[in-house]
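First comes the structure, then the notes that go with it.
Whatever order the structure lists them in is the order used to number ligands and atoms, beginning at 1. Just so you know, residue 1 is the first one in the sequence shown, and it goes up from there. Since we're looking at a predicted model, the values are computed, not measured.
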Amino acid sequence: FFAEHSIADLQGHDDWWLGQQGRLTEPMILDEGATHYRPISWDDALTTIADELRGLDDPDEAIFYTSGRASNESAFLYQLLVRGLGTNNLPDCSNMCHESSGSALGETIGIGKGTVSIEDMHKADLLIVAGQNPGTNHPRMLAALEKAKNNGARIIAVNPLPEAGLMHFNDPKTPQGVLLGGTKLADDFVQVRLGGDQALFQAIGKHLLEKEAETPGVVDRAFVDAHTSGFDAYAASVSGVTWRELETATGVSEGEMRAIAEQVRLSGSTIVCWAMGLTQHKHSVATLRDVVNVLLLQGNIGREGAGVCPVRGHSNVQGDRTVGIYEKPPATFLDALDEEFSFSSPREHGFDTVAAIAAMREGRARVFMALGGNFLSATPDTAVVEEGIRQTNLSVQISTKLNRSHVITGRRAIILPVLGRTDRDTRGGADQRVTVEDSMGAVHASRGRLDPPKKDMLSETAIIARLCALVFDGRDNAPQTDWVSLENDYSGIRSHISRVVPGFEDYDARIQKGRTFLLPNGPRDGREFATATGKAMFTGNELEYPHIPEGRILLQTLRSHDQYNTTIYGKDDRYRGIKGGRRIVLINAEDITDLGFADGDIVDLVSEWEGRDGLEERRADAFRLVAYDTPRRNAAAYYPETNVLVPLESIADVSGTPTSKAVIVRLERRA
Ligand SMILES: Nc1nc2c(c(=O)[nH]1)N[C@H]1C(S)=C(S)[C@@H](COP(=O)(O)OP(=O)(O)OC[C@H]3O[C@@H](n4cnc5c(=O)[nH]c(N)nc54)[C@H](O)[C@@H]3O)O[C@H]1N2
Ligand SMILES: Nc1nc2c(c(=O)[nH]1)N[C@H]1C(S)=C(S)[C@@H](COP(=O)(O)OP(=O)(O)OC[C@H]3O[C@@H](n4cnc5c(=O)[nH]c(N)nc54)[C@H](O)[C@@H]3O)O[C@H]1N2
Ligand SMILES: [Mo]
């Protein structure tokens, strides 16, 4: 395949085509100046990488990306490789995904994770599902929502789009689904403007506090007094915003917002679920702080049927963070790592995804390595990322399948094929298992059952263990352990993790025979909040929302039904009724007319960003306008085709997440 297709040829294909070419099975190298990848032995591939890493003047010249599928075992070894080398440059897909959730929750409740279990979802009185399209992206959650509903819960959908999977649900696996032809899941739909959620949650808090002033009992005083700080500042901040401004920000009337807030008031236990619609805005961290504020008012954290529920993406994105994939590791983690492996890890924070791209663009990065994922297509500002990657001396992809990140490369490039989670992984004479952590903080093991696509393929864990041995051989201040035995028996890695990461005591024993264990979660388990004040923190947040210049629209970039992130399976988006195309813009019919176009017209999208040196423009060609039920001047188009439009500098405050749900664009008629 690689002899037949030159790099130039492969670059001419899109991610969809690249993904169709089957599994990667053999290590490949692209030599400097070469036109084609050629096969290389495992030993030569790994030695080449190790030599390049050992030859760096400064370990901070290397960047190590992680996607969210890596197992706990491989992720733990990977971060050890990186820290043993001497850097914390560990950007990951979380930086583009739930980083805002982690930032807001870590600060206000002392843990950057959700606080609810699946049983809590079943028992809630009220579930608010904001900025999330579970019908397409979290289909298994629909069953939990349906169960909650059967138990009498109400569900409120908050979204600019009336997402069909949430508005109607038909689970063919349940008798009701088949017999009744589906349930209407959401009882209410709040058609909020893009970025209007902070205002909506401030409105709910404002209403609750007004009702409390009339008739005390709305606020859970006992909880607020015992477990929280900052109540007065929060109350003052929401009483200072006017209903008129809240209406402008949300596009929802005061009456409707109060009606929603009444449901919150009357609910005995409330859960707020969210995904990318809340995390990928400039003011996402403030928005999520305001979500927490509302829940704290009624003591909705750390009790049955209540809490925060950031709904995750990749299968192990949360576990990867737990075991150390983080550019800003806490000192307690590094101390434990140093103690366990008798070395001293670097303390300076590393690059997140956006900082890594900026460093590459400025020529400050010499090696780029990725443990899974598709850095090139998943990150914002595609043209800038290309320019950055091309300036590195070596780019390395550890992957199951081909994607754009394999064809836009450094001066040299290496592809290391890996076994997937479902492939049998036999090492040291035994089938190895690996572990992951789910959104609820439960850890469980799995073992691949399928025959690998080719003999002698390696797992991520084995590859990284071998790299560690080569990179650390004879090196000063390197982590000390028996790499060969870790490569052949992953329980050795779990035993290291059990001594480094709190909550993993007796790790290996607790995952035997299909068992699952729950990691500790202070807020959920005992209303313990490891925050700056030692209590759950109310915060006063200035209201923010997007301001859209005259004649422009605000574009959100989202997923269709037929894709998994940058892997495109087909060109339909069934719940939204779109067929046979991905270069489309969902836009309000009146906006189409106002801007002088007609439904079905083909336009170019030009994003406008006020950069340091003036107005910057970015262009994506040839998108078809589709009249759609979305608020005025709020449009939607698919990721990754629109990533070229997202300016690298347009990021969320605090979390640094690219603002993929708020890009100012103008429409231009095709010449
Ligand atoms: N089939 C499939 N499943 C997936 C994925 C996939 O690509 N395909 N990706 C996985 C990953 S990594 C993730 S992170 C999740 C993502 O899951 P989602 O977050 O559901 O994914 P998006 O398509 O980005 O959808 C964002 C939703 O938020 C809404 N939204 C956008 N902006 C706003 C806003 O300002 N306010 C509100 N209230 N709503 C808004 C959009 O209309 C849309 O319904 O899915 C995971 N599961
Ligand atoms: N504009 C815009 N950009 C976005 C988003 C958005 O909503 N809008 N969403 C962001 C979000 S939420 C996320 S999570 C990121 C996703 O960013 P990534 O995680 O980087 O992207 P994926 O498309 O999930 O990566 C798919 C590739 O991973 C590799 N792969 C799959 N399985 C395995 C495996 O088991 N092991 C290994 N080693 N490799 C494997 C395959 O080569 C496949 O091509 O994108 C972000 N980018
Ligand atoms: Mo994600």
Side-chain angles (χ1 to χ4, degrees), residues 15 18-19 23-24 65-71 74 92-98 129-139 157-163 165-166 190-198 200 274-281 284 287 310-317 353 370-380 382 397-406 416-423 459-460 463 545-546 554 556-569 586 630 634 636-646 657-663:
D15 266 307
L18 293 170
R23 285 284 295 274
L24 295 161
Y65 178 68
T66 312
S67 175
R69 288 202 194 178
S71 63
S74 63
D92 69 347
C93 65
S94 274
N95 297 147
M96 300 177 271
C97 184
H98 267 293
V129 180
Q132 189 196 350
N133 178 23
T136 283
N137 297 317
H138 304 98
V158 180
N159 204 305
L161 307 179
E163 300 286 25
L166 194 52
V190 185
Q191 191 160 31
V192 70
R193 286 193 180 138
L194 286 171
D197 305 85
Q198 187 191 9
L200 178 68
W274 71 86
M276 297 304 101
L278 261 57
T279 63
Q280 297 176 332
H281 284 281
S284 281
T287 300
V311 186
R312 304 281 160 163
H314 281 304
S315 50
N316 199 37
V317 58
T353 294
L371 181 58
N374 184 357
F375 190 81
L376 203 110
S377 295
T379 50
T382 315
Q397 297 289 330
I398 307 177
S399 324
T400 51
K401 283 189 176 174
L402 204 59
N403 62 47
R404 276 203 89 65
S405 297
H406 302 93
L416 302 177
V418 272
L419 295 172
R421 189 88 50 72
T422 47
D423 299 323
S459 68
E460 296 178 344
I463 292 172
Y545 53 97
L554 193 66
Q556 62 152 320
T557 62
L558 42 50
R559 292 154 172 79
S560 85
H561 197 75
D562 282 358
Q563 74 183 85
Y564 196 95
N565 297 333
T566 68
T567 305
I568 312 301
Y569 300 114
L586 308 178
T630 176
N634 282 186
Y638 301 128
Y639 132 79
E641 287 83 347
T642 46
N643 287 37
V644 286
L645 298 171
V646 186
T657 298
T659 61
S660 305
K661 296 291 187 272
V663 186

Exam field: side chain R193 to backbone P546, donor-acceptor pair closer than 3.5 Å: no
Sub-3.5 Å N/O-N/O distance, T642 and ligand 2: no
Subset of ligand 2 atoms that lie under 4.0 Å from at least one heavy atom of I398: 37 (C), 38 (N), 39 (N)
Parallel, tilted or perpendicular, as decided by the 30° and 60° cut-offs, for the rings of F375 and Y65: perpendicular
4.0 Å heavy-atom contact, N374 with ligand 2: yes
Every residue of the protein that comes under 4.0 Å of ligand 1, judged on heavy atoms: C97, G131, Q132, N133, T136, N137, H138, V158, N159, P160, L161, E163, V192, L194, G195, D197, A275, M276, G277, L278, H281, G313, H314, Q556, L558, R559, Q563, Y564, N565, K661
Expected output: side-chain N643 to main-chain T379 donor-acceptor under 3.5 Å: yes
Minimal non-hydrogen separation, A70 against S74, with atom names: CB-OG, 3.6 Å
Side chain to side chain donor-acceptor pair (under 3.5 Å) partner of R559, chosen from N137, N133, T136, N565: N565
Whether T659 side chain and Q280 backbone form a donor-acceptor pair below 3.5 Å: no
Check: T557 main-chain N/O paired with S660 side-chain donor or acceptor under 3.5 Å: no
N-O pairing of D197 and K661 below 4.0 Å: no
Contacting atoms of ligand 2, where contact means under 4.0 angstrom from a heavy atom of Y65: 17 (O), 18 (P), 19 (O), 20 (O)
Subset of ligand 2 atoms that lie under 4.0 Å from at least one heavy atom of G372: 37 (C), 38 (N), 39 (N)
Backbone of S284 reached by a side-chain donor or acceptor of Q198 within 3.5 Å: no
Those atoms of ligand 2 less than 4.0 Å from some heavy atom in N643: 1 (N), 2 (C), 3 (N)
